[in-house]
Asker: 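Structure in structure tokens, see below.
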Amino acid sequence: MRINKTIALGTILASLSLGAAHAQSVDPKLVVIDARQSFMSLVAFYSAPLGAMDKGSMPYDAAAASAAANQIVALTSLDQTGLWEAGTDRAYDESSLALSALWEPTADLNGKLAALRETSLALQAAAGTDLATMQTALASFNDTCKACHGDFKFKPPK
Amino acid sequence: MRRLHKAFALLIVLGGAGAAAALYLTRPQTFSPDAMANLQGDAVRGEQVFRAGGCASCHMAPDATNAGLAVDMPGGIAFASEFGTFYAPNISSDPEHGIGGWSALDLANAMVRGVGRSGEHLYPAFPYASYRNTTLQDVADLHAYLVTLPADPTPSRAHEVSFPFNLRATLGFWKLMFVNEDWVVTGDLTEVEERGRYLVEGLGHCAECHTPRNQLGGMQRDAWLAGAPSASGEGVVPALTPDKLQWSELDIAYYLRSGSTPDYDSVGGEMVEVVENFSHLSNEDRNAVAAYLKRVPASN
């Protein structure tokens, strides 16, 4: 019985230490990079119906356009502070495509994020109106994506 | 000895004559003075030429942010290459530092023939190897638009080019070897595809980045739009051939208008400025580019 207890204790201790080792191996900066990329993937995912209507590959549907824009606003309403923590750039880990220059004061990251939020609200207001109004608002929203992707996104070799 | 002297003298004479003949054959070739005598420029159409040609992407101020809206053209953006560093010149309407004193014919000689206003060969960092087939009407329209832009007194910066490329006479040989007026994609093209060819092979100068170059910097026409190392040394410029770029024509045209890829990622890098320019063109022109790209041979 004592042996059994010892084995049980050993197993518990081993799993605890394994858990601790596992916790230590999670790099908080990599978590940020992963979360930020997930955020952008979600924005792209919910932009798809609006893009398809804009492109003409799907007929304009006011209800569907509004629903998509609502989801985009839900995303841009998330607190962005943690997602764009300094030091989570490509110089830190190559899984990120964000160049360090994005965190220079001149890049005005906060201004760019504010523009993303504002244009998403304008898109929400415009989405259900008519196709032309939605298209104009979507173009402004897209411009806020390009504002970062033009100068601050690493171009991966293909 | 006398015979040897004579032979030597003959060699010098022949060598000199050969060099003179070579320089003559590669001399800057301009249009005849009356080539544009009957053409009237239209500034509204000229703005479309300006956007299609991507002029602002290189000639706007180094800190300007939107090539699709920029109107101030002081030049100054640096282009590093293995031959040296080139600086885009001032093309504002300033008569002294810009091109305000240029005639439409001067502009045609520069864009289409790669010859500056003083009759000198221009460096092919200015993409005249692509602009070679620009119609003189388009040049006249562009000239009419350029004179409406504000004057900027910023002096153009001299290029920093090393020997022997600092000798402009060498550019005559470069032109002879690498400037080819024939279209790359030929055959039975529709009118729309021909318009696309004019925009892609010509004004849009897409191949300047998307086609690999040989050791002397000439575009490899047998690997047309097959993708290339980035001139900035960072990453690779993707292939546009239909075997590699498998987007639909609608997707390509939409990307050029919106900057959105088929999976709704956003355009990045230098292409942001290209899209800003192309978003000002007509749907017909963007569709024409897409139609042309589907006719480009596979890159294997």
Side-chain angles (χ1 to χ4, degrees), chain A residues 37 39-58 68-69 71-72 75 90-91 94 97-102 104 106-108 111-112 115-116 119 123 134-158, chain B residues 57 62-69 77 209-210 226-241 244-280 283 286-287 290 299:
Chain A
Q37 291 178 342
F39 166 74
M40 287 186 276
S41 294
L42 284 169
V43 172
F45 179 78
Y46 287 108
S47 297
L50 295 170
M53 291 178 210
D54 184 21
K55 190 190 296 187
S57 59
M58 179 196 283
Q71 299 312 310
I72 292 172
L75 290 167
R90 188 170 178 80
E94 290 201 347
L97 301 181
L99 301 178
S100 313
L102 179 57
E104 299 289 333
T106 48
D108 188 23
K112 287 181 164 64
L116 179 78
T119 56
L123 178 61
M134 183 278 280
Q135 286 177 309
T136 305
L138 182 64
S140 299
F141 179 70
N142 284 340
D143 282 344
T144 67
C145 305
K146 292 179 215 162
C148 278
H149 289 204
D151 291 335
F152 304 108
K153 182 179 176 185
F154 174 77
K155 283 161 276 175
K158 286 181 182 164
Chain B
S57 300
D63 60 351
T65 53
N66 190 323
L69 300 174
I77 296 180
C209 291
H210 286 277
S230 164
S232 66
E234 191 185 289
V236 167
V237 182
L240 302 182
T241 52
K244 301 279 168 54
L245 182 68
Q246 295 179 343
W247 299 0
S248 70
E249 289 184 38
L250 181 64
D251 284 339
I252 294 171
Y254 183 64
Y255 171 78
L256 292 172
R257 169 160 73 85
S258 68
S260 293
T261 66
D263 55 359
Y264 300 98
D265 191 1
S266 164
V267 57
E270 286 86 350
M271 276 305 290
V272 170
E273 286 167 5
V274 178
V275 167
E276 280 163 355
N277 280 319
F278 266 80
S279 69
H280 291 272
N283 277 328
R286 288 186 292 265
N287 293 340
S299 53

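Computation of the quantities below employed the complete heavy-atom set of this structure, encompassing side-chain atoms and omitting hydrogens, waters and symmetry-equivalent molecules. Per chain, numbering begins at 1; letters A, B, ... match sequence-line order.
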Asker: Report which part of B:S260 has an atom under 4.5 Å of a heavy atom belonging to chain A: side chain, backbone, both, or neither.
Answerer: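 Only the side chain of B:S260 comes within 4.5 Å of chain A.
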Asker: Does any backbone or side-chain atom of A:A52 lie under 4.5 Å from a heavy atom of chain B? Answer side chain, backbone, both or neither.
Answerer: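 Both backbone and side chain.
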Asker: Of all the heavy-atom pairs spanning B:S299 and B:K244, show the shortest one and how long it is.
Answerer: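 Closest approach of B:S299 to B:K244, heavy atoms only: OG-NZ, 3.0 Å.
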Asker: Is it true that atom CZ of A:F39 has more than 12 heavy atoms of other residues, nucleotides or ligands lying nearer than 6.0 Å?
Answerer: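 More than 12 within 6.0 Å, yes.
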Asker: Most heavy-atom pairs under 4.5 angstrom with chain B, which of A:A147, A:A48, A:A44?
Answerer: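 Heavy-atom pairs under 4.5 Å are most numerous for A:A48.
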Asker: With chain B as the partner, which of A:D143, A:D151, A:V43, A:D54 has the greatest number of non-hydrogen pairs under 4.5 Å?
Answerer: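 Maximum pair count with chain B is reached by A:D54.
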Asker: Determine yes or no for a side-chain-to-main-chain donor-acceptor pair under 3.5 angstrom, with B:H210 supplying the side chain and B:P238 the backbone.
Answerer: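 The answer is yes, because a donor-acceptor pair under 3.5 Å joins these two groups.
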Asker: Only pairs of heavy atoms separated by less than 4.5 Å count here; which of B:S230, B:G268, B:S248 has the most with chain A?
Answerer: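 Sorted descending by pairs with chain A, the first entry is B:G268.
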Asker: Could B:D265 and A:K153 be called an ion pair, given the rule that one side-chain N must be under 4.0 Å from one carboxylate O?
Answerer: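 A salt bridge is present here (some side-chain N lies under 4.0 Å from a carboxylate O).
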Asker: Can you say whether A:A139 sits under 4.5 Å from chain B via the side chain, the backbone, both, or neither, judging by heavy atoms?
Answerer: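 Neither part, no heavy atoms under 4.5 Å.
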Asker: Donor-acceptor pair, distance only, cut-off 3.5 Å: does the side chain of B:H280 make one with the backbone of B:G68?
Answerer: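 Judged by distance alone, yes, a pair lies under 3.5 Å.
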Asker: Hey, which of B:D263, B:V275, B:T261, B:D251 has the most heavy atom pairs under 4.5 Å with chain A?
Answerer: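 Option with the top pair count is B:D251.
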Asker: To the nearest 0.5 Å, what is the distance between CZ (A:F152) and CG (A:L99)?
Answerer: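 So the gap between those two atoms works out to 8.5 Å.
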